[in-house]
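Just so you know, ligand 1 is whichever comes first in the structure, and atom 1 is the first atom listed for that ligand.
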Amino acid sequence: MIRQCNNDDFETIYSIINDAAEAYNGVIPEDCWKVPYMSGDELKKEIDAGVVFWGYEEDGPLIGVMGIQFVQDVTLLRHSYVRTARRNQGIGSKLLSELRSRTNRPVLIGTWADAVWAIRFYENHGFKLVTPQEKDRLLKKYWSISARQIETSVVLAEPKWFALHPAPPRGGAGRAVRTR
Ligand SMILES: CC(C)(COP(=O)(O)OP(=O)(O)OC[C@H]1O[C@@H](n2cnc3c(N)ncnc32)[C@H](O)[C@@H]1OP(=O)(O)O)[C@@H](O)C(=O)NCCC(=O)NCCS
């Protein structure tokens, strides 16, 4: 079952994030890794900034969480984490589908450039990487993250976003064309 999380779930969300984030250990740049990966204060700040967590549970406690944040004209999916022992069982896919159904705005996702499994996961759900220039612009516009995290992250967008932001024609828009 997927449900919106509440204040009582704070410790469980914290625990799931820091358990699942172990996947980054030794993969993302060393200076971006710390223990805990996300402190309680950082998690609280994210929630205060408008990240609403949804969680997946079966008969017991939550097993996976994913946050949704409405920012300006887009929806960000933030902090997708499934307990290490329960990965690759379709839980992340269920959370992703549920949260995508809860917005009409184009969805953007940011993740570490080195988290190749996460990039593949989102690509398998129809997301595509934006260009490096575009990801810098988007991360500065919609996220509140450090310059170092911008440098080491990628952004994936769903087809709806690409339809609204078509790539300029090759050679640059408005460039004069020599006829001879
Ligand atoms: C990324 C993450 C949230 C995905 O959640 P998940 O529950 O493992 O995702 P799913 O099981 O739905 O899909 C993962 C893979 O398992 C496969 N899968 C789905 N259901 C399956 C099942 N019943 N049996 C076996 N494999 C299955 C999918 O094909 C998928 O493969 P893909 O990645 O090549 O697309 C999770 O792996 C995670 O927490 N990773 C560590 C933290 C992280 O990278 N978070 C992303 C931050 S943006």
| Contact check, side chains of L77 and L96, non-hydrogen atoms, under 4.5 Å | yes

| task | Is it possible for you to say whether V82 and I2 belong to one hydrophobic cluster, with membership spreading through side-chain heavy-atom contacts below 4.5 Å? | result | yes

| task | Establish, from distance only, whether the side-chain atoms of T111 and Y122 form a donor-acceptor pair under 3.5 Å. | result | no

| query | Hey, are Q149 and S146 close enough side-chain-wise for a donor-acceptor pair under 3.5 Å? | reply | no

| request: Indicate yes or no: does E98 engage K94 in a salt bridge with an N to O separation below 4.0 Å. | output: no

Are there any N/O pairs under 3.5 Å between ligand 1 and the protein, and if so, what are their distances?
residue  : atom   : partner : partner atom : Å
ligand 1 : 7 (O)  : G92     : N            : 2.7
ligand 1 : 8 (O)  : N88     : N            : 2.9
ligand 1 : 11 (O) : N88     : N            : 3.4
ligand 1 : 11 (O) : Q89     : N            : 3.1
ligand 1 : 11 (O) : G90     : N            : 2.7
ligand 1 : 12 (O) : S93     : N            : 2.9
ligand 1 : 12 (O) : S93     : OG           : 2.4
ligand 1 : 16 (O) : N88     : OD1          : 3.2
ligand 1 : 20 (N) : G90     : N            : 3.2
ligand 1 : 24 (N) : N88     : O            : 3.2
ligand 1 : 26 (N) : N88     : O            : 2.9
ligand 1 : 34 (O) : R120    : NE           : 3.0
ligand 1 : 34 (O) : N124    : ND2          : 3.0
ligand 1 : 35 (O) : N124    : ND2          : 2.5
ligand 1 : 39 (O) : V82     : N            : 2.9
ligand 1 : 44 (O) : W117    : NE1          : 2.7
ligand 1 : 45 (N) : Y24     : OH           : 3.4
ligand 1 : 45 (N) : S80     : O            : 2.8

| Set of ring pair (Phe, Tyr, Trp, His ring centres under 6.0 Å) partners for F121, sequence neighbours left out | H125

